[in-house]
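Since the structure comes first, as structure tokens, the remarks are kept for the end.
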Amino acid sequence: MTPPPTAPARAPRYWLMKSEPDECSIDDALAAPGATVPWTGVRNYQARNFMRDDMQVGDGVLFYHSSCAEPGIAGIARVASGTRPDPTQFDPASPYHDPKSPPEQPRWLLLDVQALRKTRLLPLPELRSHPELADLRVLQKGSRLSITPVDAAHWHRIVALLGEG
DNA sequence: GCCAACGTTGGC
DNA sequence: GCCAACGTTGGC
């Protein structure tokens, strides 16, 4: 078997990405040039590895507001680039500064996320009210991961709940 | 502000 | 490699 001349496009994957609206809300993302923001500040190896190994341009993103008065899904976005080093890790003035990250081998990565549209807010309690979403990662007890994979079935259900299905 | 859950660090 | 201590996350 010879490999195909171009890599076959894999099925799109889906992700939930948490953002504190005080730092970057869905409105902030939509207002950015090209509605695209560099996803800075990921400082967790599992989340970094998702970006590096599993996320591809075009993947669907549920834009989630966390650490705020009304946590929940606030918009739809897409992965808009591959990964590159997150410059904030080398900035002593940044809260994301990591003095232990070797510049010749950066520890932390980011990718671009393009906001597609703001949706109604789908609050956490409403997500929890749907039994078919019970194993959504963000609903698990103690779930702190800022980037989590979302099953296609969950994605389609949530998009429908957002009134876009 | 509280606190449960989690990830990381570092002594051994 | 173990594991206690610590710092952080994030809903409430």
Side-chain angles (χ1 to χ4, degrees), chain A residues 13-32 37-55 59-79 82-151 153-155 157-163:
Chain A
R13 293 180 191 165
Y14 305 100
W15 307 91
L16 182 145
M17 301 178 80
K18 294 180 186 174
S19 183
E20 301 188 15
D22 286 350
E23 274 192 45
C24 181
S25 68
I26 184 70
D27 290 321
D28 295 333
L30 282 166
V37 290
W39 207 263
T40 59
V42 172
R43 295 295 180 268
N44 170 284
Y45 290 103
Q46 212 179 333
R48 179 203 66 182
N49 294 348
F50 281 141
M51 291 196 291
R52 187 189 60 194
D53 303 333
D54 299 312
M55 297 172 79
D59 282 359
V61 172
L62 299 171
F63 197 108
Y64 180 93
H65 285 175
S66 71
S67 292
C68 56
E70 252 198 311
I73 294 166
I76 303 286
R78 65 189 281 275
V79 175
T83 52
R84 61 183 181 276
D86 180 347
T88 63
Q89 70 195 302
F90 303 122
D91 178 3
S94 168
Y96 301 123
H97 183 225
D98 181 358
K100 288 191 251 176
S101 179
E104 66 282 359
Q105 200 177 352
R107 181 178 295 184
W108 304 115
L109 304 172
L110 59 73
L111 46 68
D112 290 328
V113 173
Q114 181 179 35
L116 297 178
R117 55 197 176 274
K118 184 178 185 174
T119 62
R120 75 174 177 94
L121 185 80
L122 207 174
L124 202 44
E126 184 179 341
L127 284 169
R128 291 193 195 286
S129 77
H130 294 279
E132 70 275 20
L133 298 178
D135 51 0
L136 195 67
R137 289 281 285 275
V138 78
L139 300 183
Q140 304 312 304
K141 189 174 184 179
S143 165
R144 295 180 358 184
L145 206 51
S146 64
I147 301 176
T148 50
V150 174
D151 291 347
H154 289 153
W155 167 273
R157 183 71 183 114
I158 288 166
V159 169
L161 288 170
L162 289 168

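In the text below, chain A, chain B and the rest are named by the order of the sequence lines, each starting its count at 1.
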Problem set entry | Residues A/Asp98, A/Arg43: salt bridge by 4.0 Å N-O rule | no
Problem set entry | Euclidean distance, A/Leu139 CG relative to A/Leu16 CG, rounded to 0.5 Å | 9.0 Å
For this session: Find the distance A/Leu145:CG to B/dT8:C1' and express it as a whole number of Å.
Result: 15 Å
Problem set entry | A/Lys141 vs B/dC6: side-chain N/O to OP1/OP2 distance below 4.0 Å | no
For this session: State whether A/Lys18 places a side-chain N or O below 4.0 Å from either non-bridging phosphate oxygen (OP1 or OP2) of C/dG10.
Result: yes
Problem set entry | Gap between atoms CZ and P, on A/Arg107 and B/dT8 respectively (whole Å) | 10 Å
For this session: Find the distance A/Arg128:CZ to C/dG10:C1' and express it as a whole number of Å.
Result: 11 Å
Exercise. A/Leu124 has an atom CG; how far is it from atom P of C/dT9, in whole Å?
Worked result: 18 Å
Seminar exercise, completed: To the nearest angstrom, the CZ-C1' distance between A/Arg137 and B/dA5 comes to 14 Å
Exercise. Which value, rounded to the nearest 0.5 Å, describes the distance between A/Asp53 atom CG and A/Thr83 atom OG1?
Worked result: 8.5 Å
Exercise. Can you tell me how far P of B/dT8 sits from CD of A/Gln46, to the nearest Å?
Worked result: 9 Å
Exercise. Counting only N and O atoms by type, is there a donor-acceptor contact under 3.5 Å from the side chain of A/Arg120 to the main-chain atoms of A/Leu161?
Worked result: yes
For this session: Please report, rounded to the nearest Å, how far the P atom of C/dT9 is from the CG atom of A/Asn44.
Result: 10 Å
Problem set entry | Interatomic distance, A/Arg144 CZ vs C/dC12 P [rounded to whole Å] | 16 Å
Exercise. Distance check: side-chain N/O of A/Tyr96 vs OP1/OP2 of C/dT8, anything under 4.0 Å?
Worked result: no
